[in-house]
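Let me begin by presenting the structure, written as structure tokens, before commenting on it.
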Protein chains: 4
Amino acid sequence: MSDKKNKVIEIATMLFAKNGFENTSMANICLEANVSKGLVYHHFKSKESILVEIFTQVTNQMAEMGEKTTSSSKPEAQIQQLIEIIFSQLKKDKHLFQFNLNVMFQPTTRKILHEQIEQRANILFKSVKGIFDQISAERSNVLSYMFIAEIDGIALNYLSIFDDYPLEMVKEELLKKYRNLK
Amino acid sequence: MSDKKNKVIEIATMLFAKNGFENTSMANICLEANVSKGLVYHHFKSKESILVEIFTQVTNQMAEMGEKTTSSSKPEAQIQQLIEIIFSQLKKDKHLFQFNLNVMFQPTTRKILHEQIEQRANILFKSVKGIFDQISAERSNVLSYMFIAEIDGIALNYLSIFDDYPLEMVKEELLKKYRNLK
Amino acid sequence: MSDKKNKVIEIATMLFAKNGFENTSMANICLEANVSKGLVYHHFKSKESILVEIFTQVTNQMAEMGEKTTSSSKPEAQIQQLIEIIFSQLKKDKHLFQFNLNVMFQPTTRKILHEQIEQRANILFKSVKGIFDQISAERSNVLSYMFIAEIDGIALNYLSIFDDYPLEMVKEELLKKYRNLK
Amino acid sequence: MSDKKNKVIEIATMLFAKNGFENTSMANICLEANVSKGLVYHHFKSKESILVEIFTQVTNQMAEMGEKTTSSSKPEAQIQQLIEIIFSQLKKDKHLFQFNLNVMFQPTTRKILHEQIEQRANILFKSVKGIFDQISAERSNVLSYMFIAEIDGIALNYLSIFDDYPLEMVKEELLKKYRNLK
DNA sequence: CATGAATGAGCTTTCATTCAT
DNA sequence: CATGAATGAAAGCTCATTCAT
């Protein structure tokens with residue numbers, strides 16, 4: 001893939017995260033990426049297709065991440081590891097996560113990415129359920145939903161609700177809670 | 001407040017929820033509400049100000065809702081009642097909640113509503129903390145954050161992630177979990 | 001109808017005739033008509049709809065013109081009169097006729113105006129056949145087609161093929177030919 | 001001439017006929033012809049020059065056709081033969097004739113091809129006048145204009161005006177009309 | 001309180017053409 | 001001969017906002 005195409009994706013990701021998809025114009029992207037409009041449309045069919053390509057890349061990264069945790073260790077350890085990974089990503093790529101929330105909730109972008117969003121949810125759910133299955137087969141479903149809700153809720157509160165969210169404190173509480181699972 | 005102004009607010013809320021703030025034009029609103037552009041600008045300074053007025057109305061409704069639960073009953077009962085109210089609202093006003101997530105995560109609208117979003121978070125946090133204070137003064141902070149995260153996470157998963165979310169099952173789990181607090 | 005809308009139609013007709021539909025931009029029209037783009041799109045749904053409105057106006061004028069000749073006089077006199085009217089229009093509105101040929105042959109505009117083109121052909125054919133029916137019921141069909149072909153062919157040659165077409169000479173020949181019909 | 005250049009001309013002719021010159025992009029041509037943009041610009045100076053080359057080819061074909069009829073037979077037979085050739089071409093290459101009308105009436109392409117259009121008209125006129133000269137020297141001019149008008153008018157009506165034109169019937173009428181010329 | 005004509009900047013997208021490889 | 005990345009101008013169209021009536 002050419003250098004300039006990568007540059008466009010990089011800049012577009014940054015601008016979509018910062019200003020939202022609808023408030024980022026192709027002209028903006030071209031200006032920041034130092035390329036012409038013609039070039040962008042040579043590499044991408046439309047503005048939407050840039051979004052799809054970015055979102056797909058992130059989905060693939062998440063899939064890889066999910067595979068790492070399904071190791072051979074005990075389920076409790078796997079959950080601890082999963083929590084660690086998620087919280088560290090959350091702190092590191094704050095803007096990327098905000099961009100993801102943004103496009104998932106905006107009706108227009110949501111429609112465009114519906115398939116990928118579904119796919120992501122399934123990847124995460126299977127990954128989590130795989131762990132809880134080892135603890136309690138009959139309760140693994142509800143436990144998975146609860147766990148994912150807690151993670152997503154914390155992310156949401158941290159990223160977009162509370163100005164000074166005690167992320168560390170909440171993480172410790174979560175780790176403690178999932179240390180002993182009968 | 002005039003009938004036509006109410007009509008504009010009602011239609012705007014519906015369209016913002018359905019298509020997003022950026023993808024709803026003033027012309028759309030006028031057409032659907034059967035009023036002229038001049039009239040809308042007579043009642044509202046700008047498109048943004050319609051959004052602010054809608055969001056403020058919802059915030060006030062939430063504040064009223066929060067007051068209801070701070071009754072004289074036992075803290076456990078208060079939490080059960082709070083959960084019941086939230087889940088019932090969630091099912092009833094699905095679109096309104098989606099609209100709220102939408103504007104809270106889109107950078108442009110987020111900036112416009114920053115103050116109200118903060119205010120809302122504080123209202124909810126105080127309301128929840130007021131209950132947990134009666135159970136454990138030293139742990140009330142972290143418990144409140146965890147509780148709010150669970151609620152928000154469930155809402156997010158139900159509204160925008162999983163196509164067929166087991167809302168009832170999750171609600172029962174949550175009620176069970178908060179039935180006995182030492 | 002507002003003054004400015006009329007101005008737009010007038011200017012658009014002139015520019016379409018002079019440069020063709022595809023080579024006339026909305027910016028061109030706005031510049032010449034001294035109005036903003038927004039105004040044009042306030043009055044017309046699209047560039048196509050301007051074309052349709054112009055074409056429909058001309059069709060209506062033609063329909064009126066057709067009715068004038070169906071008078072009570074003898075068929076030979078009616079044909080002479082029809083020829084006179086057509087040749088006088090041809091000389092007077094040369095650009096308008098060229099514009100009509102242009103849009104009727106260009107694939108894009110042809111599709112847009114298909115219905116009106118058909119309607120026009122029927123109006124003219126009925127009008128001509130109405131005259132020839134009085135002369136020979138069984139040959140009126142073929143005579144009408146021949147007459148229309150001659151008229152259209154002369155117009156085409158005059159407007160777009162020969163640089164110095166002997167329009168008067170051809171008209172006299174045609175008048176002579178249709179003076180005595182058995 | 002290279003295979004690929006021929007392919008480009010063939011595809012361009014087809015697309016110009018189908019969609020018009022202005023609505024056919026170089027990218028379209030490249031895609032359909034399975035060649036790169038660079039190659040097309042290696043063979044042709046510009047998009048216009050493709051049009052000129054196509055039109056010139058057709059003009060040359062017409063010139064050859066004209067020469068065939070100027071045989072040693074009687075003038076009446078020559079006209080009958082000319083009519084037969086023209087009607088047979090009209091039916092065979094309907095799209096090619098529509099393309100020719102299209103570019104001759106669209107102002108932009110008209111300017112580009114002005115010279116060739118004039119040349120063509122002269123070729124045809126001389127060819128026809130050569131026949132009528134043998135019948136009546138003093139009336140050959142006006143008779144030629146009338147004959148050409150009839151042919152062009154029939155073509156125009158058949159190709160672009162009437163949806164179900166009785167081409168055979170009209171042809172028979174024309175043959176009958178020009179069978180006996182005093 | 002109510003209308004809708006009018007503006008002008010900005011939007012996404014298309015396109016003929018060039019040029020390094 | 002052949003490719004396709006890259007350009008930049010221009011296209012049709014949208015939209016929040018203003019203002020005379």
Side-chain angles (χ1 to χ4, degrees), chain A residues 1-5 7-8 21-30 33-50, chain B residues 1-5 8 21-31 33-51, chain C residues 1-5 7-8 21-30 33-50, chain D residues 2-5 8 21-31 33-50:
Chain A
M1 191 159 51
S2 83
D3 263 13
K4 298 227 178 170
K5 185 175 176 184
K7 181 81 181 169
V8 169
F21 178 73
E22 314 282 343
N23 291 298
T24 302
S25 73
M26 289 303 249
N28 280 164
I29 296 172
C30 293
N34 239 324
V35 296
S36 66
K37 286 183 191 178
L39 182 67
V40 176
Y41 278 91
H42 178 71
H43 286 299
F44 301 92
K45 214 182 110 280
S46 63
K47 192 183 162 190
E48 281 192 10
S49 81
I50 302 180
Chain B
M1 191 159 48
S2 83
D3 262 14
K4 298 225 178 170
K5 185 175 177 183
V8 169
F21 177 73
E22 313 284 340
N23 290 300
T24 302
S25 71
M26 288 302 247
N28 276 168
I29 296 172
C30 293
L31 203 73
N34 244 324
V35 295
S36 69
K37 287 186 185 177
L39 184 64
V40 174
Y41 277 90
H42 176 76
H43 286 300
F44 302 92
K45 209 182 116 277
S46 65
K47 191 182 162 190
E48 284 192 8
S49 81
I50 302 180
L51 178 66
Chain C
M1 192 159 49
S2 83
D3 263 14
K4 298 228 178 167
K5 184 174 178 183
K7 181 82 180 169
V8 169
F21 177 73
E22 313 283 341
N23 290 298
T24 302
S25 72
M26 290 303 251
N28 281 164
I29 296 172
C30 294
N34 239 325
V35 296
S36 66
K37 283 186 193 176
L39 182 66
V40 176
Y41 279 92
H42 178 71
H43 287 298
F44 301 93
K45 213 183 111 280
S46 64
K47 192 183 162 191
E48 281 192 10
S49 81
I50 302 181
Chain D
S2 84
D3 263 15
K4 297 223 179 169
K5 183 173 178 184
V8 169
F21 177 74
E22 313 285 340
N23 290 300
T24 302
S25 72
M26 289 301 250
N28 275 169
I29 296 172
C30 294
L31 201 74
N34 243 323
V35 296
S36 68
K37 287 186 184 177
L39 186 64
V40 174
Y41 277 91
H42 176 77
H43 286 300
F44 302 92
K45 210 182 116 280
S46 65
K47 191 182 161 190
E48 284 192 8
S49 81
I50 302 181

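Because the structure is a prediction, the values reported are computed rather than measured. All heavy atoms count here, side chains included; hydrogens, waters and symmetry mates do not. Residue numbering restarts at 1 for every chain, and letters A, B, ... go by the order of the sequence lines.
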Where the side chain of A:Met26 is concerned, which of F:dA11, E:dT12, F:dT7 is the nearest nucleotide?
E:dT12

Pick the closest DNA chain E nucleotide for A:Glu22 and for C:Val35 by heavy atoms, then say which residue is nearer the 5' end.
C:Val35

What does B:Ser49 touch in the nucleic acid at a heavy-atom separation under 4.0 angstrom: a base, only the sugar-phosphate, or nothing?
nothing

Pairwise 5' ranking along DNA chain F for C:Ala27 and B:Asn23, keeping only the more 5' one:
C:Ala27

Enumerate donor-acceptor pairs with a distance under 3.5 Å from any side-chain N or O in residues 33-46 of chain C to protein atoms, sequence neighbours excluded.
residue, atom, partner, partner atom, Å
C:Ser36, OG, C:Leu39, N, 3.2
C:Ser46, OG, C:Glu48, N, 3.4
C:Ser46, OG, C:Ser49, N, 3.2

Interatomic distance, D:Ile29 CD1 vs E:dT17 P [rounded to whole Å]:
11 Å

Under 4.0 Å, heavy atom to any atom of DNA chain E: which of residues 37-46 of chain B qualify?
B:Lys37, B:Gly38, B:Leu39, B:His42, B:His43

Go through E:dT13, F:dT7, F:dA2 for me and flag the one nearest to the A:Lys47 side chain.
E:dT13

Out of F:dG8, E:dG4, F:dG4, which nucleotide sits closest to the side chain of D:Ser36?
F:dG4

One should read off an interatomic distance between C:Ile50 CD1 and C:Lys5 NZ, to the nearest 0.5 angstrom, of 9.5 Å

Atom-pair distance (CZ on D:Phe21; P on E:dT14), nearest Å
19 Å

Please identify each residue that fulfils side-chain hydrogen bond (donor to acceptor under 3.5 Å, both in side chains) with A:Asn23, with sequence neighbours left out.
B:Glu22, B:Thr108

Applying the Watson-Crick and G-U criteria (both distances under 3.5 angstrom) with [ ] for crossing and | for other-strand pairs, one obtains for DNA chain F .||||||||||||||||||||

To the nearest Å, how far apart are B:Leu31 CG and E:dT3 C1'?
15 Å

F:dA5, OP1 or OP2 - any side-chain N/O from A:Lys7 closer than 4.0 Å?
no

